[in-house]
Structure formats: structure tokens, C-alpha cells
2 protein chains.
Amino acid sequence: MSDATAQSKNGRLRGRAASVGLTKERIVDVAIAQIDEKGLHAFSMRELARALGVSPNNIYWHVGGTKEDLFGEIAARFTAAVSQSLPRDKPWQDRLRTVFLSYRDAVSDHANVAPLLGAQLKSNGVANLALVEAVLTALHDAGYRGSALRDAFNALIGGLCGFVTMEFAPAPDDKANEWEALFARRVAEIDADRFPFTHAVLPDFMNRIFVLRWENGKHVSYASSFDFLLDLLIEGLSARAPRQSPNP
Amino acid sequence: MSDATAQSKNGRLRGRAASVGLTKERIVDVAIAQIDEKGLHAFSMRELARALGVSPNNIYWHVGGTKEDLFGEIAARFTAAVSQSLPRDKPWQDRLRTVFLSYRDAVSDHANVAPLLGAQLKSNGVANLALVEAVLTALHDAGYRGSALRDAFNALIGGLCGFVTMEFAPAPDDKANEWEALFARRVAEIDADRFPFTHAVLPDFMNRIFVLRWENGKHVSYASSFDFLLDLLIEGLSARAPRQSPNP
DNA sequence: TCAGTTATAGAACACTGTGCAATTGAAAGA
DNA sequence: TCTTTCAATTGCACAGTGTTCTATAACTGA
């Protein structure tokens, strides 16, 4: 009652007296760290608040809006890092390769955040302007215009970013550990009559086939498949390029 | 007390007396219908139970396990429909085209289920054997073996299914309506110095650029971009095919 | 001095997925 | 026929969740 600074039951101050200098940056930092560590599935606003030593509402106040908005902020953090302006004098093929390889690298460093990035890229793509700019310019330099430019752009973003999103999609929770056994059981169950080829081929050498496997809960690398896809697309775009006009 | 068949407070019977003949099939039916109607975000076990006129636990009993398992059942429903065995005498290029176009069609009929399918395809891909078998056989016929087969397979599944997953990713909840305005605002905010090309090009003709837009909360079609991507991949695979051996 | 703003906490609301225990008719075994 | 087991269902409760509304108190500017 006579205290100069009132305190709440658990001893924590309220109001501006309690200010800990929380910032959007720090929130996003810790959020990413938490997702990296425990996975997107286990991430919650309350847990984040706990880790920050702060009440949940404080986060809402700084981020403004909803959990989804926080996800947007997280995604923006990545998009910024993806591509610093690339030298325009390099061939457009090289520029495309660099951009998408660096996108994959950025995602691969924070695999648990991947699903979030995919969703945000779709719904909030305009925010990812570095990526958009780089790809559009490269395709323009390749001679693509109008609807052909649109389709080429979509094919690249959808195909490559889609690949990455799937590549780093999380294992279904607890099953990560028993994955190897699960895989073996599934393969053994394959109906040899209906799926003769899969039955014959899968068990032998397909231990790195896409979409099928984790190792000890960690992702195996599909880097070579990504490279292959990237090459395929860039070669295809070269072959179909309406005209070669390096200086538009 | 003296009732032959006891009743619970709200008048509903318990135990086998109350059996409504619930089946996994009906659960999955109604679940898909609900997701179609209200979106994946608004889907919950309790809501599903309400729609089925049944207690939530009853669903758990039939599906066994968790919500994630139910999602698995839902995904399986789609995978089954994707590709009935294709005539082996058609060229492998045609077969690939058919398979992936039919995959996109199946997903497009239930756009709200799309995110779920993407995740399940990754974590539970072995279940989707019709798709796997068709793609593997086609690539084998094209002459791909070993690690080249693996990379080609991964590139196709990752690129095309990834595209579809992104294509049908949901708009961020309530923002679907104000999307057009949001898009316009974002475009207007583009920094012309840092992103000159995007700034110049985007507002004009990019109203169907991937990743950027809905119309009245419904998805616009990216079909032509998907076709383009499909063509690019198949042409690329043809050009690189180790050898042409139609009859292995 | 005094209202307004900024940055914090607390409590509460309406949910969620899911586990445990009870209930019942029917089927199976003795 | 009597008893045990099983199949299919409900109710209740637990431990959360995102989010909103309200209180608090120091700073800020007039």
C-alpha cells in the first residue's frame, strides 16, 4: 500500500516500471531459436513469452495482431538475407542459380522454420522483394516478356521453392525415431502384383529417394536432386528463351 | 434406476446400445467435406464429432491414434484416386504428363486439403504407391538408373507436387477479402531504388504472378504455369536421358 | 500539473487434442 | 444357460492454446 512502486503477487513490476526493453527484433530472434530447437509444432506464444521472461501480451503489443503476423516477421527475416543485389553483368543463368541456391541454403540453416516460409512466400510473396526482383530481372534479360515471363517466373518459384518446402517438411512428430523401421515395414508391405516396379527397385538403392526418409530424426540431404532440378529448369528456359537480349 | 436401458443426462444412450455404425469411411468423408467447406484452419476433432452427431472419442476409437493419423487417412483417400495403372505402351513422356496433371486435378478439387496432402506426401510418401510406381517406371523406360533415377524422381515429385502445394496454399485467414487492396498497397510501397525492375513491371501485367494473389478469397488458376513447368521438366529429362530404351 | 502514450502484467474466455473411466449390447466360451 | 470378454460408445477432466480486456505505472508534452 505504502510502497512507492507497486508490485504484483509474484513480485514482478507492472507498467512501464517493469520495462525490459523488449523489441520486435529480440522477439523474432528468440522465436526462431525456439523453433530451431523444439520444432514449429511445439512453438507457442506462451512458451515464447516464458523464454523472453515476459508476459504473452507484451509480445502481441510489439508484434501487433496475431501469431500469424509474428510468422510473417520471421519469414521477412529470411527473405532479407536471401539475395543481396547480384551483379547484372553475370549471365542470367548464373544469377538464377545463385539466387535459388542461396534460398535453399538460408532455409536449410533453419529447417524447422521451412513450412512457415513456404506458406508465407505464397501468401506474402510481395514482401520477398529481393528474390522477386532478382528472378524477374534475370528472366527479362533472358528475353521473357508478358505471359511467358509470368509462367517462367511461376514455374521457377513454385517448382524450386516448392521443392525446398517439401524437402524440409518435418517428420511426423514422434515417429522420427522409428522412421527407419517404419520405412522397412512399408516397403515390405508393397503389393508386388500391383506395383511390381516399385517393389523391385525401392528396397535396393532408393534409400535416398525423395519424400521417404529421415535419419535419426534429422533430414537427409536432397542437395543433388535440387541441383538436378535447377539445371533442368535453367537449361529448359535457355532453350525456350524467346530471344537473347543481354541488354534490354 | 429401473430402466432397462440407462440413459445419460442429455438423453443419449451409451455403450453399444447407442451404436450408430460409425465407420472410418464416413469419418473421412465428413472430414473432407468440412475441410472443403470451412478450411483446414477451422477444422477440429470436436467440430467433426458434432457434424457426425457423435462424441469426439468415438472418432479416436475408429481412427486410432491422433488427429495426424486422421490426416493420413484423408491423404490416402486422394492418393488412391491419383493414377490408375497407365498403359505401358504409351511413351513415358505422355505417362508422366498424365500422372502429374491428374494429381493436380485431384488436389484442385479439394484445394483446402492441399497443405495436408503436401505434408503427408513427404512424411508418408510410400503410401502413395500408384504415383511412385508410375513415375519410377516412366523414368526407367526413359533410361534412368541408379542415382540419376533418384535425382530425376526427386526433381519431379519435389518440383511438381511442391508447386501444387504452394499453388493451393490457403490465404491467410481473414485477409482473403481485402487481398486486392493489400496487394495494391504492397506494390505501391515497393522501393523503386532498390527494386527498380519489380517496381516497373509488377503493377502492369503481373496480376497473375505466382505467390501473390487471390480473387474474392478464391484461388486464381496457375494452370498455364504448371503446364509450362511440366513441359520444361519433361523436355529436360528427354534431352538428358542416358539412353532411349522403350523396352527395358 | 495533468492528460496522453508506451510498455508492461493479470485474469479470463472460449476453445483445443486427448486420456481415463464408465457403460452397454452382443458375441464367445464353458 | 451362465459367464466372461469384446466392440462401440459417452462423459469428464487435464493441460494446454490464442487472444482480448483491463489494470498499472513511468515517461512525454502542453
Side-chain angles (χ1 to χ4, degrees), chain A residues 1-27 31 34-35 38-73 116 172-174, chain B residues 1-27 31 34-35 38-73 116 172-174:
Chain A
M1 285 253 192
S2 60
D3 278 328
T5 56
Q7 288 184 277
S8 43
K9 284 177 198 164
N10 65 1
R12 279 158 94 184
L13 285 170
R14 289 218 273 178
R16 192 150 187 173
S19 179
V20 292
L22 192 59
T23 62
K24 205 189 274 187
E25 285 65 38
R26 204 157 76 84
I27 293 174
Q34 284 221 316
I35 296 173
K38 308 192 174 183
L40 193 63
H41 179 85
F43 174 79
S44 82
M45 297 302 267
R46 287 172 138 100
E47 197 71 38
L48 174 58
R50 237 166 278 145
L52 283 160
V54 135
S55 90
N57 311 47
N58 205 346
I59 298 172
Y60 283 94
W61 193 89
H62 280 280
V63 168
T66 71
K67 195 186 183 186
E68 213 74 17
D69 293 318
L70 174 57
F71 285 166
E73 300 288 344
L116 203 153
D173 275 4
D174 38 24
Chain B
M1 288 252 194
S2 58
D3 279 326
T5 56
Q7 288 185 279
S8 42
K9 284 177 196 164
N10 64 0
R12 281 157 95 183
L13 285 170
R14 291 218 273 177
R16 193 154 188 173
S19 179
V20 292
L22 192 59
T23 62
K24 205 190 277 187
E25 284 67 37
R26 206 157 75 83
I27 293 174
Q34 285 221 317
I35 295 174
K38 309 193 173 183
L40 193 63
H41 179 85
F43 175 79
S44 82
M45 297 302 266
R46 287 173 137 101
E47 196 70 39
L48 175 58
R50 237 166 277 146
L52 283 160
V54 135
S55 91
N57 307 50
N58 204 348
I59 298 173
Y60 284 94
W61 193 89
H62 280 280
V63 167
T66 72
K67 195 186 183 185
E68 212 74 17
D69 293 317
L70 174 56
F71 286 165
E73 300 288 342
L116 203 152
D173 274 6
D174 38 23

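Below, read A as the first sequence line, B as the second, and so on, with proteins coming before strands; counting in each chain starts at 1.
For the pair B:Phe71 CZ and C:dT16 P, the interatomic distance rounds to 13 Å; values are reported in whole Å. Residue B:Gln34 contributes atom CD, which lies 11 Å from atom P of C:dT16 at whole-angstrom precision. Rounded to a whole Å, the CG atom of B:Leu40 is 14 Å from the P atom of C:dT16. To the nearest angstrom, C1' of D:dT19 lies 15 Å from CG of A:Leu48. Nucleotide C:dT16 holds its P atom 15 Å from the CG atom of B:Leu70, rounded to whole Å. With rounding to whole Å, A:Asn58 atom CG is found 15 Å from D:dT19 atom P.
Both A:Thr66 and B:Trp61 lie close to DNA chain D; mapped to their nearest nucleotides by heavy-atom distance, the more 5′-ward contact belongs to B:Trp61.
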Are there any protein N/O atoms within less than 3.5 Å of an N/O atom in nucleotides 14-17 of chain D, and if so, which ones and at what distance?
from	atom 1	to	atom 2	distance (Å)
D:dT17	OP1	A:Ser44	OG	2.9

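Every residue was checked against the side-chain hydrogen bond (donor to acceptor under 3.5 Å, both in side chains) condition with A:Arg46, not counting sequence neighbours, and none meets it. With sequence neighbours left out, B:Lys24 forms a side-chain contact (heavy atoms from CB on, under 4.5 Å) with B:Glu73. A:Tyr60 pairs by the side-chain contact (heavy atoms from CB on, under 4.5 Å) definition with A:Met45, not counting sequence neighbours. With sequence neighbours left out, B:Ala42 forms a side-chain contact (heavy atoms from CB on, under 4.5 Å) with B:Lys38. Taking the side-chain hydrogen bond (donor to acceptor under 3.5 Å, both in side chains) definition, one finds that A:Glu25 meets it with nothing, sequence neighbours left out.
Considering all non-hydrogen atoms of both residues, A:Phe43 and A:Lys67 come closest at O-NZ, 3.6 Å.
When each of D:dA8, D:dT20, C:dA9 is scored by its nearest atom to the side-chain atoms of A:Tyr60, the top-ranked nucleotide is D:dT20.
Contact check, B:His62 against D:dT9: a side-chain N or O comes under 4.0 Å of OP1 or OP2.
Within 3.5 Å, no donor on the side chain of A:Asn57 pairs with an acceptor on the base of D:dT19, nor the reverse.
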